[in-house]
J.: 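Please find one structure pasted underneath; my questions will follow.
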Amino acid sequence: MKTRITELFGIKHPIIQGGMHFVGLAELAAAVSNAGGLGIITGLTQRTPADLAKEIARCRTMTDKPFGVNLTFLPSVTPPDYPGYVQAIIDGGVKIVETAGNNPQRWLPMLKEAGIKVIHKCTSVRHSLKAESIGCDAVSVDGFECGGHPGEDDVPNFILLPRAAEELAIPFVASGGMADARSLVAAMALGAEGMNMGTRFMATVEAPIHENVKRALVAASELDTRLVMRPLRNTERVLINAGVERLLEKEKALGAGLKFEDIIGEVAGVYPAIMQRGEMDAGAWSCGMVAGLIHDIPTCQQLIDRIMSDAEAIIRGRLVGMLDD
Ligand SMILES: Cc1cc2nc3c(=O)[nH]c(=O)nc-3n(C[C@H](O)[C@H](O)[C@H](O)COP(=O)(O)O)c2cc1C
């Protein structure tokens with residue numbers, strides 16, 4: 001498949017692995033890129049810009065294909081060393097950056113100057129248009145189904161993607177709820193030029209996370225995610241567990257008076273506990289509704305090959321077969 005996304009990023013297949021905290025390490029990014037997709041290292045999982053520089057170098061030893069780095073801009077009292085991270089990306093020769101969270105405008109001149117292509121993740125048409133107007137090269141349109149932060153508008157991809165197609169001139173990929181060839185073909189039909197997957201890539205052989213997490217994803221159904229932190233306008237879709245149930249009870253009890261400090265036990269330090277130690281009740285970790293479509297733990301190569309060959313079969317067989325001559 002050749003699309004504006006495969007052309008823009010110099011990749012074989014229009015499939016991107018979105019940045020994921022404590023999941024997007026060099027092993028996963030390299031495996032996705034080696035399989036012809038676009039792997040992405042999660043910048044802020046590396047504690048310092050120097051650590052990110054090392055992770056980029058490590059990824060280079062595992063693949064000679066293009067890969068990217070995710071930079072998530074979060075509101076924070078003590079912000080991370082963003083200038084340092086951006087410099088590590090530039091110095092590391094990375095040519096693709098996935099931005100997410102706040103408006104990345106401040107960092108675009110530096111990134112553009114270095115010849116870096118920027119894809120910004122957005123949960124609404126208005127943010128996508130903003131990204132286009134400030135000079136982003138592409139957008140990842142993240143629907144309400146997605147694992148992680150779906151924003152506060154709650155528009156699912158069956159509406160959000162065609163709306164984005166109506167308004168955007170730059171290419172975009174569908175993100176949120178994407179799992180297989182059906183997702184890819186549907187996303188293309190709705191106007192996207194590729195797809196971004198998070199949760200699906202966690203249940204792969206190369207994802208450098210605890211086996212308990214992969215097993216939990218295979219066991220989970222589409223009914224097993226919950227939205228947390230809505231009262232803080234920082235909504236996150238997570239997999240249900242004892243920690244999340246505790247968090248939701250606090251949200252119910254405290255109502256609009258909820259403060260971040262009230263739930264810190266269920267949200268802070270959770271990622272290393274879950275991803276590295278497999279403590280599945282530790283608290284809130286991002287997971288998409290797409291867990292209901294995850295039934296196995298293939299290698300990234302098997303997953304991507306399967307998606308591309310099934311997509312061809314759906315288009316040439318099922319869809320063309322439905323047309324009258
Ligand atoms: C465990 C996990 C951690 C994530 N961490 C980040 C992150 O640090 N930054 C970011 O921009 N997106 C993050 N995301 C969102 C993904 O990049 C992607 O947009 C999302 O997973 C797409 O929805 P899906 O899970 O339905 O495929 C995370 C998602 C998951 C599942």
Side-chain angles (χ1 to χ4, degrees), residues 15-25 28-29 32 37-46 52 68-74 76 80 85 97-102 104 118-123 127 131 139-151 156-157 160-161 172-180 183-184 186-187 192 194-204 207-210 212-214 216-217 220 222 224-228 234-239 241 244 267 270-276 280 282-294 303 307:
I15 299 176
I16 302 177
Q17 165 250 315
M20 287 180 280
H21 201 34
F22 278 87
V23 183
L25 305 180
L28 181 60
V32 173
L38 179 68
I40 292 187
I41 293 173
T42 313
L44 295 190
T45 299
Q46 302 302 320
L52 177 58
V69 172
N70 167 283
L71 268 182
T72 304
F73 301 110
L74 300 167
S76 157
Y85 284 104
V97 165
E98 176 194 51
T99 52
N102 289 346
V118 176
I119 178 163
H120 187 55
K121 191 152 47 190
C122 306
T123 56
H127 293 149
V139 179
S140 204
V141 175
D142 219 16
F144 184 51
E145 309 87 331
C146 73
H149 294 271
N157 267 335
L160 191 58
L161 296 172
F172 66 94
V173 298
S175 178
M178 304 288 129
D180 52 32
S183 324
L184 180 63
M195 69 175 175
N196 179 63
M197 301 195 294
T199 306
R200 172 66 268 198
F201 274 122
M202 296 175 81
T204 57
I209 55 175
H210 201 282
N212 288 355
V213 183
K214 301 183 190 183
L217 289 170
E222 63 277 20
D224 294 332
T225 70
R226 297 291 182 274
L227 296 175
V228 298
N234 184 28
T235 302
E236 183 180 0
R237 186 179 296 284
V238 301
L239 192 69
N241 62 42
V244 168
V267 296
V270 170
Y271 275 81
I274 297 278
M275 303 303 169
Q276 294 169 350
M280 297 312 294
W285 60 279
S286 297
C287 174
M289 285 181 167
V290 74
L293 295 174
I294 297 175
L303 178 64
I307 291 172

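Order of listing sets the numbers, starting from 1, for every ligand and every atom in it. Since we're looking at a predicted model, the values are computed, not measured.
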J.: Numbering the atoms of ligand 1 from 1, which are under 4.0 Å from a heavy atom of Asn196?
T.: 18 (C), 19 (O)
J.: Given Leu74, Asn157, Thr123, Thr72, identify the one with the heavy atom nearest to atom 9 (N) of ligand 1.
T.: Thr72
J.: Kindly confirm or rule out an N or O of Gly19 lying under 3.5 angstrom from an N or O of ligand 1.
T.: yes
J.: I need the contact type for Thr45 against ligand 1. Using non-hydrogen atoms and a strict under-4.0 Å cut-off, is it side chain, backbone, both or neither?
T.: neither
J.: How far is atom 22 (C) of ligand 1 from its nearest protein heavy atom, and which residue and atom name does that atom have?
T.: Ser175 OG, 3.5 Å
J.: At a 4.0 Å threshold, what atoms of ligand 1 neighbour a non-hydrogen atom of Asp142?
T.: 19 (O), 22 (C)
J.: At their closest point, which heavy atom of Leu52 faces which heavy atom of Tyr85, and how far apart are they?
T.: CD2-CD2, 3.6 Å
J.: Specify the protein heavy atom at minimum distance from atom 26 (O) of ligand 1: its residue, its atom name, and the distance to 0.1 Å.
T.: Gly177 N, 2.8 Å
J.: Out of curiosity, is Met202 lining ligand 1, as in a heavy atom under 4.0 Å away?
T.: yes
J.: Nearest 0.5 angstrom please: His149 NE2 to Leu74 CG, how far?
T.: 7.0 Å
J.: Any N or O on Thr199 sitting closer than 3.5 Å to an N or O of ligand 1?
T.: yes
J.: Would one find an N or O of Asn70, backbone or side chain, under 3.5 Å from an N or O of ligand 1?
T.: yes
J.: Establish, from distance only, whether the side-chain atoms of His21 and Thr42 form a donor-acceptor pair under 3.5 Å.
T.: no
J.: Could you identify the single nearest non-hydrogen protein atom to atom 5 (N) of ligand 1 and state the distance to 0.1 Å?
T.: His21 N, 3.0 Å
J.: With side-chain contact (heavy atoms from CB on, under 4.5 Å) as the test, would you mind laying out the steps for Thr204 and Val32 before giving the verdict?
T.: CA-CA 10 Å; Thr204 57; Val32 173; over 6 Å; no
J.: Find out whether Thr45 and Tyr271 are in side-chain contact, i.e. whether some heavy atom of one side chain is under 4.5 Å from a heavy atom of the other.
T.: no
J.: So which heavy atom in the protein is nearest atom 27 (O) of ligand 1, and how far is it from that ligand atom?
T.: Gly198 N, 2.9 Å
J.: If you measure from OG on Ser183 to CD on Glu145, what distance do you get to the nearest 0.5 Å?
T.: 10.0 Å
J.: With heavy-atom distances below 4.0 Å as the criterion, list the atoms of ligand 1 near Ala100.
T.: 11 (O)
J.: Would you say Asn70 and Thr72 are linked by a side-chain donor-acceptor pair, where the criterion is simply a distance under 3.5 Å?
T.: yes
J.: Distance under 4.0 Å to a non-hydrogen atom of Val290: what atoms of ligand 1 satisfy this?
T.: 26 (O)
J.: How long is the gap from CG on Leu293 to CD on Glu222, to the nearest 0.5 Å?
T.: 7.0 Å
J.: Output the distance between atom CD (Glu98) and atom CG (Leu71), rounded to the nearest 0.5 Å.
T.: 9.5 Å
J.: Hey, is ligand 1 close enough to Glu145 that some N/O pair sits below 3.5 Å?
T.: no
J.: SG of Cys146 to CG of Leu160: how many Å apart, nearest 0.5 Å?
T.: 10.0 Å
J.: Could you go through Met197 and Ile15, starting from their C-alpha distance and side-chain angles, then the distance that decides it, and tell me whether this counts as side-chain contact (heavy atoms from CB on, under 4.5 Å)?
T.: CA-CA 8 Å; Met197 301 195 294; Ile15 299 176; 4.1 Å; yes
J.: Pairs of nitrogen or oxygen atoms closer than 3.5 Å, one from Val23 and one from ligand 1: do any exist?
T.: no
J.: Contact between Gly148 and ligand 1, counting heavy atoms under 4.0 Å?
T.: no
J.: Is there any N or O on Lys121 that sits under 3.5 Å from an N or O of ligand 1?
T.: yes
J.: Which residue and non-hydrogen atom of the protein lie closest to atom 4 (C) of ligand 1, and at what distance in Å?
T.: Met20 CA, 3.4 Å
J.: I need the nearest protein heavy-atom contact for atom 31 (C) of ligand 1: residue, atom name and distance, please.
T.: Ser286 O, 3.3 Å
J.: Is there a side-chain contact between Val244 and Leu239 in this structure, where contact means two heavy atoms from C-beta onward sitting under 4.5 Å apart?
T.: no
J.: Using a 3.5 Å distance criterion without hydrogens, assess whether the side chain of Asn196 forms a donor-acceptor pair with backbone atoms of Gly176.
T.: no
J.: Applying a strict 4.0 Å limit to heavy atoms, is Met197 in contact with ligand 1?
T.: yes
J.: Looking only at protein heavy atoms, which one is nearest to atom 20 (C) of ligand 1, and how far off is it?
T.: Gly147 O, 3.4 Å
